[in-house]
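For reference, the structure discussed in these notes is given below.
Computed from a predicted structure; not experimentally measured.
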Amino acid sequence: MRGPRRVISLVAATAAAVGALAACTADAVVGSKVIEPAGRGGTLTLLSAAAIPTLDPQRIGDPATGAMVGRTLHRTLTAYAPMAGEATQPSLVGDLATDTGEPSEDLKTWRFTLRPNLTWQDGSPLGCEDVKHGIARTFATDVITGGSTDALSALAIPRTPDGRSTFLGPWAQGDGAAAGQASFDQAVSCADRTISFVLAEPVADFNEMVTLAAFAPVKKDGDSGPDSGAASLSSGPYRLEGTWNAETGGLLVRNEKWRAESDPVRKANPDRIRITTGQEPGVIAATVLADDDTAKASVSLTPAPIALQQQVSSVEALRDRSLALPTGVIDYLAPNVTSPVLQSREARTALELSTRRSGYAVGLASPIGATPTASLIPDGLLARATTAVPVGEPDPTKARQILQQAGVAVPVPIRVAYREGPAADKAMSALVTGWREGGFDPTLVPIKDSYFGTVSAPGAAEQYDVFWSNWSPAWGSASTILPPLFDASLNLTEAGSGRDYGGWSSVDWNARVGQIASMPDRAAREKAWAEADDVLREDVAYIALAARSAVHLAGSDVRGLAAHPYGGGAIDLGVAGVN
């Protein structure tokens, strides 16, 4: 019997699918500008190699884009404040809301009160119904695509027998539309400046979930359809001047209707922010490093190419104009527990002991490398703030002994699936020698197209013994990592393995997940997530490999260069500026 529905973050899934992030050690190129405050005024230019398809908050799935628009255009009920001083954990604060929300005792109802006198860029009032309307748009999954659908999982709205929500968004018509709207109105309701949410089950960190761009308001009045343009209106300190072009970018200017005293998160230092997309990563890096003309006030949104990372880290003048940011993305292996050769914990333990994480990290990127890690929970999350997991040295000799003591004939043949790519090919190849020394006979199987669909298909468990994957948190909780990946009630069905590629399952562990989700105290809850992770690691449900970071380059006039909390390795535009 399947357990209760729990939230799966599609934002995290989107981040995990991005496999080409540059990697380096987290402290490789942190310069003085990380702590040097920015002045007010001027034009900050942001350079991105990738197209940015949309600024519509409900259509944004990429964490870095969400971080960018969240500091400039679209506010949410709560937000993470910029890191200050020697703080090691970001603070959750009220953004559009006066505080971080009021939960019921059972954590199934949450209430937020909006700040008074909020306005849109046109001066019209921003109210509770606008917040509600923005969330309603995420349910129109046939026309609003690409963004987080966490609201669909969290809110207490009935579903059809096939699992689809009975509410299909604010523009739904036909049979069932009225009933669906009524269900949504019961789950999300407004009373003056207070918005209330009724959840399908307890969600202790719902006030962190609403930091996602998908929970940003959209002006209800005048939104006649998904492409009416209502989502382009700003609630933040900047507004779009002219039109947005996904391939070339656009210009953000000050929103004259924004009031600094109503916003505890954004300093809005530059007068203008120009976003330029579509240039090659190498061209962007060369432009910023040359430091000519407008490049002096430019920042690369695209991480520096691997070939330049060593140069940047070795030259002091360049280190002072760069910042290495943890992306939150962690690469890992999922042993197939249904495979005859990896069913036993002894065999999986031997596999982990013969896994050379350092070799993988170096092969992934450059001599700087990614950071080897032994846990899927990034060090920056509260769950690992006080209970860090040491990365032990590989011991192939002990691995072979464990296999022999368990009566396993060596070498053990294993087929390892991974997503093909130049860096991935090199990184995975670096693991082969250690595995062979540990008593395994590995065959690497690169998969180029539709990787995640291939390895989650029903027949994959019969073809592969180990699956490569990666993942990152959607907000500052391990609740967005462990349940989506290892709660069998969420993942394992006749249609495939979901994200639980290795097929790991434990009734007791699933029950623990439900208990943790009902813990109201954040510190105690995150400690419990760390303990739940210990169970996974002890049973070798996964083998963490490396935590990725991204190196961003800045011109000599850029100040206030700092990491955005949980922004997928993005810079924090709430504090950045120019000289």
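Between Asp271 and Gly41, the closest heavy-atom pair is OD2-CA, 3.4 Å. Looking at every heavy atom in both residues, Ser232 comes nearest to Gln121 through O-OE1, 3.9 Å. The two residues Ala216 and Pro57 come nearest to each other via the heavy atoms CB-CB, 3.8 Å. Among all heavy-atom pairs drawn from Arg59 and Pro226, the shortest one is NH1-O, 3.3 Å. For Tyr501 against Ser469, the heavy-atom pair with the smallest separation is CE1-OG, 3.4 Å. Taking every heavy atom of both residues into account, Asn269 and Tyr238 meet most closely at N-OH, 3.7 Å.
In summary, Arg115 and Asp263 do not engage in a salt bridge, as defined by a charged side-chain N under 4.0 Å from a carboxylate O. Using a cut-off of 4.0 Å between Lys/Arg side-chain N and Asp/Glu carboxylate O, Asp122 and Lys257 are scored as not salt-bridged.
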Evaluate the side chain to side chain donor-acceptor pair (under 3.5 Å) criterion for residues Thr78 and Thr211: first the C-alpha distance (whole Å), next the side-chain angles of each, then the deciding distance (0.1 Å), finally the verdict.
-> CA-CA 5 Å; Thr78 63; Thr211 63; 5.3 Å; no
Please test Tyr451 against Glu420 for side chain to side chain donor-acceptor pair (under 3.5 Å), starting from the C-alpha separation and ending with a verdict.
-> CA-CA 9 Å; Tyr451 175 77; Glu420 183 179 9; over 6 Å; no
Begin from the C-alpha positions of Phe215 and Leu77 and carry the test side-chain contact (heavy atoms from CB on, under 4.5 Å) through to its verdict.
-> CA-CA 8 Å; Phe215 288 86; Leu77 289 170; 5.9 Å; no
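Counting heavy-atom neighbours within 6.0 Å of Lys132 NZ, excluding the residue itself, gives a total above 12. Heavy atoms of other residues, nucleotides or ligands lying less than 6.0 angstrom from CZ of Arg164 number 12 at most. Around CD of Glu256, the count of heavy atoms belonging to other residues, nucleotides or ligands within 6.0 Å exceeds 12.
Side-chain contact, Asp56 with Thr54: no donor N or O sits under 3.5 Å from an acceptor N or O.
Cation-pi geometry between Arg419 and Phe452 is not satisfied (NZ or CZ under 6.0 Å from the ring centre, within 45° of the ring normal).
With rounding to the nearest 0.5 Å, the separation of CD1 in Ile330 from OG1 in Thr373 is 4.5 Å.
Below 30°, between 30° and 60°, or above 60°: for Phe139 and Phe167 the angle between ring planes is between 30° and 60°, a tilted geometry. Ring planes of Phe112 and Phe206: tilted class, angle from 30 to 60°.
In this structure, Arg193 contributes its side chain and Cys190 its backbone to no donor-acceptor pair below 3.5 Å.
Paired with Leu73 under the rule side chain to side chain contact (heavy atoms under 4.5 Å, CB included), one option of Asn255, Leu252, Leu233 passes, and it is Leu252.
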